[in-house]
Amino acid sequence: MIDKNSADQEEINDLTNSDKELVLLKQKAQEYLDGWKRAKADYSNFKKEQDKRIENIVQFANAGLLAELLPIFDHFKLAIKHVTQDQVKQDWVLGFIHIKKQFDEFLGRLGIKEIETVGQKFDPQFHEAVSHEEYEGFEPDIIFEEVKAGYTLHDKVINPAKVKVAK
């Protein structure tokens, strides 16, 4: 089998000096063009990776603040749960419920979602079991009670939900 480079070299030897120079320059130009194309592709890939890193940094830049804010939101929801039936129609309670709705919308815009719990199959990626108990009406490994809410930020768990699971 004849090597391509040796075949090219034979053709070059048959040419005049100026023709040889022209062929060599064309080869060099093609090498430079190929190198430039590779460098351009590498730069394009680097730029895409860098843009993705920046996007991730922006998405998770406020994670520390949110980690401190979410327990306050949990306490707010707990306070609303303790409102009695005869207080539900009072203006101050309606105001609290409206504030909770605004808070839910705000967290949603930031990409925060509450992890679904009661009635769901236990998933250790999203849930932390605080107990396994016999519980009537629930199949094994189904969550029957949420002890503490869990949250995801852009589909990544920032706080797992603490739950009780049926055995």
Side-chain angles (χ1 to χ4, degrees), residues 1-77 98-132 139-144 146-167:
M1 178 182 256
I2 298 175
D3 185 18
K4 183 181 184 311
N5 288 337
S6 63
D8 288 344
Q9 196 63 35
E10 287 178 24
E11 286 181 33
I12 292 173
N13 290 337
D14 292 341
L15 301 174
T16 64
N17 283 341
S18 63
D19 290 339
K20 287 180 187 179
E21 189 176 341
L22 181 62
V23 169
L24 289 172
L25 289 174
K26 283 183 178 181
Q27 287 175 345
K28 273 286 189 211
Q30 188 61 45
E31 285 177 36
Y32 292 149
L33 180 62
D34 292 343
W36 176 79
K37 286 179 181 177
R38 279 191 300 277
K40 184 178 177 188
D42 289 345
Y43 178 74
S44 178
N45 290 337
F46 171 77
K47 187 156 175 50
K48 287 176 188 173
E49 289 172 11
Q50 195 67 12
D51 290 345
K52 184 68 175 166
R53 278 191 210 110
I54 290 170
E55 182 181 323
N56 285 338
I57 288 170
V58 168
Q59 284 180 350
F60 295 97
N62 295 325
L65 173 65
L66 296 172
E68 291 187 38
L69 188 62
L70 290 174
I72 297 168
F73 181 58
D74 287 338
H75 289 126
F76 187 78
K77 290 188 312 183
H98 181 68
I99 292 168
K100 183 195 171 294
K101 182 181 175 193
Q102 287 180 316
F103 218 124
D104 286 334
E105 291 169 357
F106 168 72
L107 293 175
R109 284 192 304 270
L110 293 176
I112 296 175
K113 295 178 186 168
E114 195 167 331
I115 297 171
E116 293 185 31
T117 55
V118 177
Q120 301 293 315
K121 182 167 177 50
F122 177 76
D123 183 346
Q125 291 181 341
F126 297 99
H127 310 115
E128 181 180 321
V130 295
S131 73
H132 282 83
E139 295 179 22
D141 287 334
I142 300 297
I143 299 167
F144 66 86
E146 179 181 286
V147 176
K148 186 172 184 267
Y151 299 94
T152 60
L153 175 60
H154 300 290
D155 299 323
K156 293 183 182 172
V157 176
I158 54 175
N159 286 339
K162 296 184 186 318
V163 296
K164 292 184 179 181
V165 183
K167 358 179 180 177

Nearest non-hydrogen partners of [X] and [Y], listed with the distance:
X: H127; Y: K121; result: CE1-O, 3.7 Å
X: F76; Y: I99; result: CZ-CG2, 3.7 Å
X: A166; Y: E139; result: CB-O, 3.4 Å
X: D74; Y: A149; result: OD1-CB, 3.8 Å
X: Y151; Y: I115; result: N-CD1, 3.7 Å
X: E146; Y: V118; result: N-CG2, 3.9 Å

Other residues, nucleotides, ligands: >12 heavy atoms within 6.0 Å of [X] [atom1]:
X: Q50; atom1: CD; result: yes
X: K156; atom1: NZ; result: no
X: E68; atom1: CD; result: no

- Task: State, without any angle test, whether E49 and N45 hold a side-chain donor-acceptor pair at a distance under 3.5 Å.
- Result: no

- Answer yes or no: is there an ion pair linking K100 with D104, defined by an N-O contact shorter than 4.0 Å? yes

Between [atom1] of [X] and [atom2] of [Y], what distance do you get to the nearest 0.5 Å?
X: K113; Y: L107; atom1: NZ; atom2: CG; result: 12.5 Å
X: F122; Y: E128; atom1: CZ; atom2: CD; result: 8.0 Å
X: E21; Y: K26; atom1: CD; atom2: NZ; result: 12.5 Å
X: T117; Y: K164; atom1: OG1; atom2: NZ; result: 12.5 Å
X: D141; Y: K167; atom1: CG; atom2: NZ; result: 11.5 Å
X: I143; Y: F126; atom1: CD1; atom2: CZ; result: 11.0 Å

- Item | ring-ring contact (aromatic ring centres under 6.0 Å, His included) against F144, all qualifying residues, sequence neighbours excluded | Y135

Indicate yes or no: at least one non-hydrogen side-chain atom of [X] is less than 4.5 angstrom from one of [Y].
X: F106; Y: L69; result: yes
X: I158; Y: L70; result: yes
X: D34; Y: E31; result: no
X: F103; Y: I72; result: no
X: K77; Y: E114; result: yes

- Task: Return the set of residues passing side-chain contact (heavy atoms from CB on, under 4.5 Å) with K101 (not counting sequence neighbours), or none when no residue passes.
- Result: E105

